[in-house]
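The figures that follow rest on heavy atoms only: side chains count, while hydrogens, waters and symmetry mates do not. Please read all numbers here as calculations on a predicted model, not as lab measurements.
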Amino acid sequence: MTEKTAVVPATDSRALMQIIERAASDATYDVAKLRELLTLKKEWEANEARKAFVVALNAFKAEPPEVLKSRKVGFGNTNYRHAALDDASEIIGASLALHGISHRWSVAQAEGKVRVTCILTHALGHSESVTMEATPDTSGSKNSIQAIGSTVSYLQRYTLFTASGI
C-alpha cells in the first residue's frame, strides 16, 4: 500500500486572531485590504486543498482495492452476483482513508424519485461528488418503504463506485 498522505493544518488561527485584534484597536487599519487579503488566502487554500485531493485520489487509484461480488441474486431466469454495499463501503472507505479521503452520502426525494449523492472529502476540505437518481424499486413484493430503501442502497453502491473510480 501507498504511504498515508500527510495532512498539514491550513491556517494558524492564533496569528489570524492577532491581526484581527490589531485591526480592531487601530482606527487607521485598512479593513477592506484585510478583507481582500483574507479572500485571497481563502482562495489559495481552496486551490491547495483541491490539488491535495487530486494527488490523494490518484494515489488511491494507483492501488485500488479489490471489491468482490459476494452476493448472489436469483429470481426467475435471472441470476447474477454483485458487491454488497456494506462490503464495498468498508473496503473502499478504508482504502480512501489511507489517503486522507472520506466518503458519505446525501439522500433526497423529489417528484417521485430518489436522489443519492456520494461525496468524497479530503482532509484539507476539498470535496467532489457524484449524483444519481431513480424511481423507487417496486420489483418483487416490496412495500413502499422497502422500495425506497432498495433504491437508496443501489444508488449508494453505484455512486461510491463511480466517485472512487472503482
Applying side-chain contact (heavy atoms from CB on, under 4.5 Å), name anything that partners T138, two or more places apart in sequence or on another chain.
-> A147
Does K113 have any salt bridge (charged side-chain N to carboxylate O under 4.0 Å, His left out) partners at least two apart in sequence or in another chain, and if so, which?
-> E133
Side-chain donor-acceptor distances from residues 67-81 under 3.5 Å, at least two apart:
unit_1: S70; atom_1: OG; unit_2: D87; atom_2: OD2; d: 3.2
unit_1: R81; atom_1: NE; unit_2: K69; atom_2: O; d: 3.2

Name all residues meeting the ring-ring contact (aromatic ring centres under 6.0 Å, His included) criterion together with Y158; count only those two or more places apart in sequence or in a different chain, and write none if there are none.
-> Y154, F161
Residues 91-109 vs salt bridge (charged side-chain N to carboxylate O under 4.0 Å, His left out), sequence neighbours excluded, gives none
Residues in side-chain contact (heavy atoms from CB on, under 4.5 Å) contact with S102, at least two apart in sequence or another chain = T121
Qualifying salt bridge (charged side-chain N to carboxylate O under 4.0 Å, His left out) pairs, either residue in residues 145-161, two or more places apart = none
Mind listing the side-chain donor-acceptor pairs of residues 33-40 below 3.5 Å, one per line with the distance, residues two or more places apart or on another chain?
unit_1: T39; atom_1: OG1; unit_2: R35; atom_2: O; d: 3.0

Quick one: list whatever passes side-chain contact (heavy atoms from CB on, under 4.5 Å) with K51, sequence neighbours left out.
-> N47, E48
Salt bridge (charged side-chain N to carboxylate O under 4.0 Å, His left out) partners for K142, two or more places apart = D137
Partners of E128 by side-chain hydrogen bond (donor to acceptor under 3.5 Å, both in side chains), sequence neighbours excluded?
-> H126
Who passes side-chain contact (heavy atoms from CB on, under 4.5 Å) against S153, sequence neighbours left out?
-> L85
